[in-house]
Amino acid sequence: MRRRAAAMFAAALLFLPGTSSALAADTGAIKKKAEACVACHGADGNSTNDVVPSLAGQPKQFITTQLVMFRESNRKDPQMSPMAANLSNADINDFGTYFSAQKPAPPRQSTVPDKVAAGRRLTERNHCVSCHGPALMGQQHIPRLAGQQREYLRTQLRGFKAGTRFDMDGNMTPAAQALSDTDVEILADYLAGMK
Ligand code: HEC
Ligand code: HEC
């Protein structure tokens, strides 16, 4: 399973960045195509649904690799899998270009003020910042966490801890093992409130 995911990941890296489509330059057409996505992911990919992740401002490579993973059934979700099943590589490239360029909306929830320092400490002590970036904005195939939906973050962290959340390069499952249930709560709250 992990080897297959790694192979798909390599494939995604190989051909997606070079994919060019006639539509790539036409943001109007891509925006129209993205209407199917914003129904769940919110206008411009800024989710207003606690259990659906925001896509605005995610690194392009993270979006494209996750879409390939959903399409190839490595990552599965009853709502998202059918949406990715018939996407072409050109579609995936277009969605990556479009959503990565959208401006993230201000966080929908603010961190409980006396938890900010504890949240920051956890991201440093557990090296979240070394992969997700100093401001948790993500990079390459690693997602932006700042301003993500709190409930979505909480579910994903619990999933990594339990070994049930898809883990493309095998980094997140071990990273989540050190977290207590309280740590997960503090982190979800802290990250969701970050700009
Ligand atoms: C019916 C609702 C729905 C629609 C429509 C939908 N999605 Fe999703 N999408 C979801 C849910 C729910 C998740 C989170 C799945 C999970 O928990 O693993 C998700 C996850 C994702 C992710 C992974 C994000 C992350 O932070 O891990 C990407 C990328 C994505 N969707 C892109 C798209 C694109 C592009 C479209 C349009 C082609 C689309 N989605 C349409 C519900 C939807
Ligand atoms: C060694 C690198 C690394 C470290 C350390 C790390 N992460 Fe991750 N993280 C990743 C990668 C890579 C992914 C994408 C995994 C995938 O979708 O297959 C990810 C995904 C996630 C996701 C899912 C987000 C989404 O939109 O689907 C969350 C939440 C997350 N990480 C939180 C954390 C937290 C909190 C910490 C610190 C406790 C942390 N990560 C430490 C590399 C890392």
Side-chain angles (χ1 to χ4, degrees), residues 1-2 5-6 8-9 12 30-42 45 47 49-71 74-88 91-100 102 119-133 136-161 164-180 183-192 194:
M1 174 73 182
R2 181 158 294 162
M8 289 316 306
F9 176 51
I30 302 179
K31 194 170 177 187
K32 183 120 193 61
K33 197 152 72 163
E35 279 169 13
C37 318
V38 303
C40 287
H41 288 281
S47 174
N49 182 330
D50 290 344
V51 297
V52 179
S54 287
L55 304 176
Q58 280 291 4
K60 177 176 176 179
Q61 197 185 323
F62 172 70
I63 297 174
T64 56
T65 46
Q66 292 298 321
L67 286 171
V68 172
M69 296 304 151
F70 278 118
R71 184 181 67 188
N74 286 308
R75 183 174 171 185
K76 297 190 184 103
D77 177 76
Q79 291 190 77
M80 189 51 215
S81 297
M83 293 307 304
N86 296 315
L87 296 181
S88 67
D91 291 334
I92 289 177
N93 192 55
D94 284 350
F95 288 133
T97 303
Y98 179 74
F99 286 113
S100 63
Q102 302 309 304
R120 187 180 306 124
R121 253 198 318 275
L122 281 171
T123 61
E124 286 162 4
R125 199 194 311 140
N126 294 286
H127 312 292
C128 319
V129 286
S130 30
C131 290
H132 291 270
L136 287 316
M137 299 287 199
Q139 51 177 335
Q140 299 173 338
H141 69 292
I142 306 176
R144 176 187 174 111
L145 305 174
Q148 188 52 280
Q149 303 305 306
R150 180 166 39 195
E151 187 55 40
Y152 176 76
L153 289 168
R154 188 187 283 143
T155 312
Q156 303 313 303
L157 287 173
R158 284 187 187 145
F160 283 122
K161 219 187 142 184
T164 52
R165 159 67 153 88
F166 170 71
D167 183 4
M168 161 164 61
D169 59 7
N171 273 321
M172 254 327 282
T173 305
Q177 297 313 310
L179 305 176
S180 70
D183 292 344
V184 168
E185 294 304 311
I186 294 172
L187 281 166
D189 194 46
Y190 171 66
L191 296 167
M194 283 185 88

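For ligands, and for the atoms within them, numbers begin at 1 and follow the listed sequence.
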Within the structure provided, determine whether F99 and V38 are in side-chain contact (heavy-atom separation under 4.5 Å).
yes
Counting backbone and side-chain atoms alike, does M80 have an N/O/S atom under 2.8 Å from atom 8 (Fe) of ligand 1?
yes
Minimum heavy-atom separation for D50 to Q149, with atom names?
O-CB, 3.4 Å
Polar contacts were defined as any N/O atom of the residue lying under 3.5 Å from an N/O atom of the ligand; does this apply to K76 and ligand 1?
no
Minimum heavy-atom separation for C37 to F95, with atom names?
SG-CE2, 3.7 Å
Taking atom types as modelled and ignoring hydrogens, do the side chains of D91 and S88 form a donor-acceptor contact shorter than 3.5 angstrom?
yes
Which atom of H41 approaches atom 8 (Fe) of ligand 1 most closely (N/O/S)
NE2
At a 4.0 Å threshold, what atoms of ligand 1 neighbour a non-hydrogen atom of Q79?
1 (C), 2 (C), 12 (C)
One finds that the ligand 1 atoms under 4.0 Å from a non-hydrogen atom of A36 are 5 (C)
Non-hydrogen atoms of A188 and L153 that approach each other most closely:
O-CD1, 3.8 Å
Looking only at heavy atoms, what is the nearest atom pair of F166 and N74, with distance?
CD1-O, 3.4 Å
Which ligand 1 atoms are under 4.0 Å away from a heavy-atom of D77?
11 (C), 12 (C), 15 (C), 16 (C), 17 (O)
Tabulated below should be the N or O atoms of ligand 2 paired with protein N or O atoms at under 3.5 Å; can you produce that?
unit_1, atom_1, unit_2, atom_2, d
ligand 2, 7 (N), H132, NE2, 2.9
ligand 2, 9 (N), H132, NE2, 2.9
ligand 2, 17 (O), Q66, NE2, 2.7
ligand 2, 17 (O), R165, NH1, 3.0
ligand 2, 18 (O), M168, N, 2.6
ligand 2, 27 (O), Y152, OH, 2.9
ligand 2, 27 (O), R165, NH2, 2.5
ligand 2, 31 (N), H132, NE2, 2.9
ligand 2, 40 (N), H132, NE2, 2.9

Passing option when Q66 is tested against R75, R71, H141 for side-chain hydrogen bond (donor to acceptor under 3.5 Å, both in side chains)
R75
For F95, counting its heavy atoms only, list the atoms of ligand 1 lying under 4.0 Å from any of them.
35 (C), 38 (C)
Heavy-atom pair of closest approach, residues T173 and Q177
O-NE2, 2.8 Å
Would you indicate whether the side-chain heavy atoms of Y98 and K31 approach each other to under 4.5 Å?
yes
